[in-house]
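Model, not experiment: these values are computed from the prediction. Order of the sequence lines fixes the chain letters, A, B, ..., with proteins taken first and strands second; residue numbering starts at 1 for each chain.
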There are 4 protein chains.
Amino acid sequence: MNTPHSKDQEPKRSPGRPKRLEQDAPMNELILQTASRLFMEYGYEPVSLQQIAKVCGVTKASIYYHFINKSQLFTAAVTSMMGMARSSSLRIMQQEDLPLYDRLVTLAEVKLRFPHGDFETIMREAGGSLSQDQREEIRLSEEKIHDILVDAFRTGIDKGEIRHVQPLLMAHTLASMLMLGNREISKDFGTSPADLAREIIDMFWNGVSVGAKVSQS
Amino acid sequence: MNTPHSKDQEPKRSPGRPKRLEQDAPMNELILQTASRLFMEYGYEPVSLQQIAKVCGVTKASIYYHFINKSQLFTAAVTSMMGMARSSSLRIMQQEDLPLYDRLVTLAEVKLRFPHGDFETIMREAGGSLSQDQREEIRLSEEKIHDILVDAFRTGIDKGEIRHVQPLLMAHTLASMLMLGNREISKDFGTSPADLAREIIDMFWNGVSVGAKVSQS
Amino acid sequence: MNTPHSKDQEPKRSPGRPKRLEQDAPMNELILQTASRLFMEYGYEPVSLQQIAKVCGVTKASIYYHFINKSQLFTAAVTSMMGMARSSSLRIMQQEDLPLYDRLVTLAEVKLRFPHGDFETIMREAGGSLSQDQREEIRLSEEKIHDILVDAFRTGIDKGEIRHVQPLLMAHTLASMLMLGNREISKDFGTSPADLAREIIDMFWNGVSVGAKVSQS
Amino acid sequence: MNTPHSKDQEPKRSPGRPKRLEQDAPMNELILQTASRLFMEYGYEPVSLQQIAKVCGVTKASIYYHFINKSQLFTAAVTSMMGMARSSSLRIMQQEDLPLYDRLVTLAEVKLRFPHGDFETIMREAGGSLSQDQREEIRLSEEKIHDILVDAFRTGIDKGEIRHVQPLLMAHTLASMLMLGNREISKDFGTSPADLAREIIDMFWNGVSVGAKVSQS
DNA sequence: CATGAATGAGCATTCATTCAT
DNA sequence: TATGAATGAATGCTCATTCAT
């Protein structure tokens, strides 16, 4: 249930510093993670600090202790998430013993498992509420992810493995294609994420047209 | 205008039904179009009825005369837009004298020129505010668009023109790829929409890998 | 009682436009008057819109229908009040058949009856929340009041009635002296406002020192 | 500092009692002085404990170690300041070898140099937040200042130096007139504080009307 | 058809205050 | 002594919605 009306009797935490016996992640990061998840799922405006606070089991005011305001929390959440996505992508793409194709499949599989709205769309929605600097910061952290793909594609072109298409265009195209995981119908395809990843990369690699190519898996 | 404290001295429209000049579409549709544009650009929550009303040059209350509430307006706006997109797509895809590839390029070109957020993301954002029926209605109108592509792809498969991939998956993949037009970097590619359309369809059709194929344009 | 906890059963007004049979002042002005009174009594920050709304018998949102925000309401309230004070002062000072001294007594009497905080202090308190323009606007409306006194004093000097002191300084001095009416101890003086007015103007006119003058009343 | 999200890299003070260098006043008094200054400049509500803490270079919690709450801090700050003002005034007025007029000029000069809002107005603003006892305490400390003037005036009357006006009324009137130093326009008078002091006391002493008196400086 | 004037619910934000360390 | 991490209550403001005109 989402309704705030339900008077669920969670034990109200009393004010003052909480006894820090707990070795679980510091509030700081719990909030960041929760915020990331909610923002990427529902966008900026629809997610209220109240909501984030509730999920974290703290009060709104507590969030304001850790973050200046909503837009900064958003920025922090999104860039932190981007950072993790980047390392994950990097780890995959750096396995240079594997063929590019296979690395792309692994990458796709990982991305397909993490559901989130289209980043561009979310940014456009949040845009009005962010400062110029914040937009810049986020944009930068996003670019760093694309850079990984761009590099891989450039190398692929140099090695004669892939065609001579603008690497950045390819990167964005692939990113767009991987948004498929978020479409509700993705379940209707009846395939596991692993299979879906394979199919998408196959399309990306070979195109849809009938040709002389051999499916490479 | 609703707020009397607005300092702008726009000529106060007098109450009562305004004489309908032949050229202006009925309020009904003006609102619908305006709403479509704004919703697709910024999402559901960030767009206020006030905003829509202002753009249309009427009051909020006036919108409530034509539509029962925000969610219904959203539903109506989106489905109406989908309807138009459908006819447009249909017109293009029905030119069966042209090769599929060329029709896809034309289609892409049209879609790239109309900027809008990712539909799935917007729906997820609006989701919480829509009724089950409304979600259903929108989903249906969206499907009808995909159906056009699905049909085309199925025919393509039958004719041996394209590979044996799930048509629905292809349709969604293409739709995803066409979201590229909305990405800010799309301008950085230095190409016109027409060129971009060509490049995207080329990737969709031939894939990125090096092969024996000949670019078909 | 001031406590918002008291669940007093005032008849909740239902939404929508109220039946306007009432010939009492339009909300617009009721709010302005109420706000004036409260702001001048307690200052800017301590007066909440909630409070103003409650006194007016409407909701906060209703205030926002008539005024853009708190600072604008403050500005409007204060300048409107200043305007009224100005006409009142003007009416008194224009009775040029009466001697200046007598006119000042009348003026003092009126001001002493209207209790309010020191304007300068209130402005300093509100200052941080007002825009440059708003401060300017208020300052201007205040100046117009002082101008009336300044003119009167200038004429008095020309006629050889009063000494050659900077008129503006005299005006501000008199204004300061009239703040006495607000001091709680003013009641302790055991005199009626009329008597107090007389005594203050006597001091202003003749000073405290022993001299050859004859008290002029 | 309290908020960890503040980007300023001031050297974090380590917890525990800081070695008390001889030159800095005990925290206690630093807070008191800072609070006095801010409260008298901006009033009660607009000054937050956060703000005071920041200026003092300590945390909010630290203030709560020294003072039980805001209203008590206010009371303490104001009465302490009053105490200092009292001694200062006393020192000046006790120089009984000087004529009363000259002592008043000196007093005026001192007060004009210390800018602060009208005390009465500030009290009215803070009023709602103070306990009865606190109001009493402040009122008392204020009275003690007026008493000095009252005594001086009473003596002046006895000596036949000044007219037979209620001494308390004179005291308050003078206090009101000295508020002029805080008015922004006081600079426009083009005179130094010393000159302004002289002019004000002259008005207070001789009044504005033309008479047989000789300016006494 | 369309407006003007209102409401109630919610949101971001701030503030005084508390308490374990 | 002083801090770090929290709370609850309040505030300014916006928004969807309602209803008499």
For [X] and [N], give me the distance from atom [atom1] to atom [atom2], rounded to whole Å.
{"X": "A/Phe74", "N": "E/dT13", "atom1": "CZ", "atom2": "C1'", "result": "19 Å"}
{"X": "C/Ile63", "N": "E/dG4", "atom1": "CD1", "atom2": "P", "result": "20 Å"}
{"X": "C/Leu30", "N": "E/dA5", "atom1": "CG", "atom2": "C1'", "result": "14 Å"}
{"X": "C/Gln51", "N": "F/dA10", "atom1": "CD", "atom2": "P", "result": "13 Å"}
{"X": "B/Tyr44", "N": "F/dC15", "atom1": "OH", "atom2": "C1'", "result": "11 Å"}
{"X": "A/Ile31", "N": "F/dG4", "atom1": "CD1", "atom2": "C1'", "result": "14 Å"}
{"X": "B/Gln50", "N": "F/dT17", "atom1": "CD", "atom2": "C1'", "result": "13 Å"}
{"X": "B/Gln72", "N": "F/dT17", "atom1": "CD", "atom2": "P", "result": "11 Å"}

- Query: Name the stems with DNA chain E in them: runs of three or more consecutive Watson-Crick or G-U pairs, distances under 3.5 Å?
  - Reply: E:2-21 with F:2-21

- Query: Could a donor-acceptor pair under 3.5 angstrom be found where the side chain of B/Lys60 meets the base of E/dT3?
  - Reply: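 Donor-acceptor pair under 3.5 Å: no.
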
Kindly say if [X] contacts the phosphate of [N], meaning a side-chain N or O under 4.0 Å from OP1 or OP2.
{"X": "C/Thr59", "N": "E/dA6", "answer": "no"}
{"X": "C/Tyr65", "N": "E/dA5", "answer": "yes"}
{"X": "C/His66", "N": "E/dG4", "answer": "no"}

Using a 3.5 Å cut-off and no angle test, enumerate the donor-acceptor pairs between side-chain atoms of residues 38-48 of chain D and protein atoms at least two apart in sequence or in another chain.
unit_1	atom_1	unit_2	atom_2	d
D/Tyr44	OH	D/Ser71	N	3.3
D/Ser48	OG	D/Gln51	N	3.1

Between the main-chain N or O of [Y] and the side-chain N or O of [X], is there a donor-acceptor pair closer than 3.5 Å?
{"X": "A/Thr121", "Y": "B/Thr121", "result": "no"}
{"X": "D/Gln72", "Y": "D/Ile68", "result": "yes"}
{"X": "A/Ser62", "Y": "A/Val58", "result": "no"}
{"X": "C/Ser36", "Y": "C/Ala77", "result": "yes"}

- Item | Under 3.5 Å side-chain donor-acceptor pair for C/Gln33 and C/Glu29 |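 Per modelled atom types, C/Gln33 and C/Glu29 side chains form no pair under 3.5 Å.
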
- Message: I need the minimum non-hydrogen distance between C/Thr59 and C/Ala53, along with the two atoms involved.
- Response: C-CB, 3.7 Å

- 5'-most contact on DNA chain F: C/Leu49 or B/Lys70, nearest heavy atom basis?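 Whichever sits nearer the 5' end wins; that is C/Leu49.
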
- Could you say whether C/Ala61 or C/Glu45 is positioned toward the 5' end of DNA chain F, judged by the nucleotide with the nearest heavy atom to each?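 Upstream on the strand: C/Glu45.
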
- With heavy atoms under 4.0 Å as the rule, sort C/Ser48 into base, sugar-phosphate or nothing. sugar-phosphate

- When you measure from the side chain of B/Tyr64, which nucleotide among E/dT13, E/dT7, F/dT18 comes out closest?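 Per side-chain heavy atoms of B/Tyr64, the pick is F/dT18.
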
- Task: Please tell me which of A/Val47 and B/Ser62 maps to the more 5' nucleotide of DNA chain E, matching each residue to the nucleotide holding its nearest heavy atom.
- Result: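 Its nearest nucleotide being more 5', the pick is B/Ser62.
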
